[in-house]
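Remarks on the structure that follows.
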Amino acid sequence: MAQIPTYDLNDGTSLPAIGFGTYPLRGEDGTAAMVSALEAGYRMLDTAVNYENETEVGEALRRSGLARDEVVVASKIPGRHHAYDDAIASVRGSIERLGVERTDLHLIHWPNPSQGTYVEAWRALVQLQEDGLVRSIGVSNFTEEHLARIIDDTGVVPAVNQVELHPRFPQDHMREVHHRLGIRTEAWSPMGKRRAPLDEAAVTSAAEAHGVSPGQVILRWHVQLGSLPIPKSADPGRQRQNLDVFGFELSSAEIDAISGLAEDDGRLFGGDPDTHEEM
């Protein structure tokens, strides 16, 4: 298996080019699945307060035997914790449940626009980063307008924006915005879940040409777009397969064909991202 490359972030740190999604892994089985992922070679675990599995993530990290600085641990502030003091307490709670001294990446789970206090949550993350409790800070499910507001308020550009992104919803506009601002795009629901185009000719023909699975083709499509996908699976074989996407390269025609599967349904993001199971 080819070595996992890394992406340099705008704050001078880096992330692996693929991460491991931990929802809905809970309990002993969930911990075991996370340990399996770390043994397979994943070096980024993506969790959140709303996943209710930060304790399991911390336990998996300890059981793995890996040095703490070898694994990126990412978590998220839920929409109900956006007031400044609540956001501070939320991050401290995550750190306690994870059993770590700091998180490596902390995101605002979504802007919760009806509440409208996400700027306070961003100010809290900026302060926590200055205090050394969080290494890198970012957001999730933010639009261009939301990004502009927090950047104008603090002068601090998020390192990451994690958005729903897959071949049927490639987020062309937001990826352009991220490129312009120097933000790394992360992808939740990288396969598209129930809408995953695993049987589409654009995907199956590329899989056959490169001797890989359709899922590997989709994850490789992410990598070549510069998107950092966060696939999830409790199956050890599938975990290894999802990680094995750095030993082949799709042609520009294959990339374009897969991107051409996009469905124009007018969404910015799907569902309620603060409770969405892919989040």
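Just so it is clear, the model here is predicted, and its values are computed rather than measured.
Between the side chain of Asn53 and the main chain of Leu25, a donor-acceptor pair closer than 3.5 Å is present. Checking side-chain atoms of Arg220 against main-chain N and O of Val245 turns up a donor-acceptor pair under 3.5 Å. At least one donor-acceptor pair closer than 3.5 Å links the side chain of Glu56 to the backbone N or O of Gly27. A distance-only check finds a donor-acceptor pair linking the side chain of Thr204 to the backbone of Glu200 [under 3.5 Å]. Using modelled atom types, no side-chain atom of Asn242 and backbone atom of Ser233 make a donor-acceptor pair closer than 3.5 Å. At least one donor-acceptor pair closer than 3.5 Å links the side chain of Asn10 to the backbone N or O of Pro158. Here the side chain of Arg184 pairs a donor or acceptor atom with the backbone of Gly226 at under 3.5 angstrom. Using a distance-only test at 3.5 Å, with no hydrogens or angles considered, a donor-acceptor pair links the side chain of Gln216 to the main chain of Gln241. For the pair Ser36 (side chain) and Ala32 (backbone), a donor-acceptor distance under 3.5 Å is absent. For the pair Ser90 (side chain) and Asp86 (backbone), a donor-acceptor distance under 3.5 Å is absent.
The structure places CE of Met34 at 11.0 Å from CG of Leu61, a figure rounded to the nearest 0.5 Å. Considering OG1 of Thr6 and CE of Met44, their distance stands at 12.5 Å, rounded to 0.5 Å. In this structure, CZ on Arg168 lies 6.0 Å from CG on Leu261, to the nearest 0.5 angstrom.
Partners of Ser251 according to the side chain to side chain contact (heavy atoms under 4.5 Å, CB included) rule, which considers only residues two or more places apart in sequence or in another chain, are Ala253, Glu254. Every salt bridge (Lys or Arg N to Asp or Glu O under 4.0 Å) that Arg97 has, sequence neighbours left out, goes to Glu54. Residues satisfying the salt bridge (Lys or Arg N to Asp or Glu O under 4.0 Å) test with Asp153, not counting sequence neighbours, are Arg123. Asp235 pairs by the salt bridge (Lys or Arg N to Asp or Glu O under 4.0 Å) definition with nothing, not counting sequence neighbours. A search for side chain to side chain contact (heavy atoms under 4.5 Å, CB included) contacts involving Glu130 returns Val126, Gln127, not counting sequence neighbours. With sequence neighbours excluded, the residues that form a side chain to side chain contact (heavy atoms under 4.5 Å, CB included) with Glu59 are Thr31, Arg62, Arg63. With sequence neighbours excluded, the residues forming a ring pair (Phe, Tyr, Trp, His ring centres under 6.0 Å) with Phe248 are His210, listed by chain and number. When the side chain to side chain contact (heavy atoms under 4.5 Å, CB included) test is applied to Ala196, the partners found at least two apart in sequence or on another chain are Met191, Leu198. When the salt bridge (Lys or Arg N to Asp or Glu O under 4.0 Å) test is applied to Glu144, the partners found at least two apart in sequence or on another chain are Arg180.
Within the structure, no pair that satisfies the ring-ring contact (aromatic ring centres under 6.0 Å, His included) test touches residues 213-233, not counting sequence neighbours. Pairs engaging residues 104-120 under the salt bridge (charged side-chain N to carboxylate O under 4.0 Å, His left out) rule: Arg68-Asp104, Arg102-Asp104 [sequence neighbours left out].
Residue Trp122 forms a side-chain contact (heavy atoms from CB on, under 4.5 Å) with just one option from Ile77, Ile151, Ile150, and that option is Ile150. For the side-chain contact (heavy atoms from CB on, under 4.5 Å) test with Leu105, the passing option among Gln162, Arg135, Glu186 is Glu186; the others fail.
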Note to self: Using the rule given for side-chain contact (heavy atoms from CB on, under 4.5 Å), can you reason through Val177 versus Leu147, listing the C-alpha separation, both sets of side-chain angles and the distance that settles it, and then say yes or no?
What the structure shows: CA-CA 9 Å; Val177 170; Leu147 291 171; 4.1 Å; yes
Next item on the list: Just do the side-chain contact (heavy atoms from CB on, under 4.5 Å) check on Trp188 and Asn141 with the steps written out, would you?
Entry: CA-CA 10 Å; Trp188 63 265; Asn141 301 298; 2.9 Å; yes
Next item on the list: Evaluate side-chain contact (heavy atoms from CB on, under 4.5 Å) for Tyr42 paired with Gln239, printing each intermediate quantity in order.
Entry: CA-CA 9 Å; Tyr42 290 88; Gln239 289 173 351; 4.0 Å; yes
Checklist line | Candidate pair Thr47 and Leu45, rule side-chain contact (heavy atoms from CB on, under 4.5 Å), full reasoning | finding: CA-CA 6 Å; Thr47 184; Leu45 299 178; over 6 Å; no
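Heavy-atom contacts from other residues, nucleotides or ligands closer than 6.0 Å to CD of Gln115 number more than 12. The local environment of CZ in Arg26 is crowded, with over 12 non-hydrogen atoms from other residues, nucleotides or ligands closer than 6.0 Å. Atom CG of Asp152 has more than 12 neighbouring heavy atoms from other residues, nucleotides or ligands inside a 6.0 Å radius.
Across Ala48 and Ser75, no two heavy atoms sit closer than the pair CA-OG, 3.4 Å. Taking both residues in full, the closest heavy atoms of Ala187 and Ser227 are given as CB-OG, 3.4 Å, listed atom of the first, atom of the second, then distance. Scanning all heavy atoms of the two residues, the minimum distance from Ala206 to Leu250 falls at CB-CD2, 4.2 Å. Closest non-hydrogen pair, Gly41 versus Ile4, comes out as O-CD1, 3.3 Å. Between Ser205 and Ala202 the shortest heavy-atom distance is OG-O, 3.6 Å.
Using a 4.5 Å heavy-atom cutoff, the side chains of Leu133 and Ile95 are in contact. A heavy-atom distance below 4.5 Å is found between the side chains of Val49 and Ser94. Side-chain contact check for Arg43 versus Leu66: some heavy-atom pair is nearer than 4.5 Å. When side chains are defined from C-beta on, Tyr23 counts as touching Lys232, because their heavy atoms get closer than 4.5 Å. Residues Arg80 and Asn50 are in side-chain contact: their nearest non-hydrogen atoms beyond the backbone lie under 4.5 Å apart. Side-chain contact between Phe142 and Tyr118 is present, with at least one heavy-atom pair separated by less than 4.5 Å. Between Ser189 and Leu165, the closest side-chain pair of non-hydrogen atoms is not below 4.5 Å. A 4.5 Å side-chain heavy-atom check between Asn161 and Met174 finds at least one atom pair inside the cut-off.
For the pair Asp172 and Arg175, the salt-bridge criterion is met [side-chain N within less than 4.0 Å of a carboxylate O]. By the 4.0 Å N-to-carboxylate-O rule, Lys76 lies close enough to Asp46 to be salt-bridged with it.
A donor-acceptor pair shorter than 3.5 Å can be found between the side chains of His178 and Thr185. Side-chain polar atoms of Thr143 and Glu145 form no donor-acceptor pair below 3.5 angstrom.
Val71 and Val35 fall into different hydrophobic clusters, defined by Ile, Leu, Val, Met, Phe, Trp and Tyr side-chain heavy atoms under 4.5 Å apart, directly or through other members.
Phe169 and His166 have tilted rings, their planes meeting at an angle from 30° to 60° on a 0 to 90° scale.
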Distance-only check: which donor-acceptor pairs under 3.5 Å involve side-chain atoms of residues 12-20, not counting sequence neighbours?
from  : atom 1 : to     : atom 2 : distance (Å)
Thr13 : OG1    : Asp11  : OD1    : 2.7
Thr13 : OG1    : Ser136 : OG     : 2.8

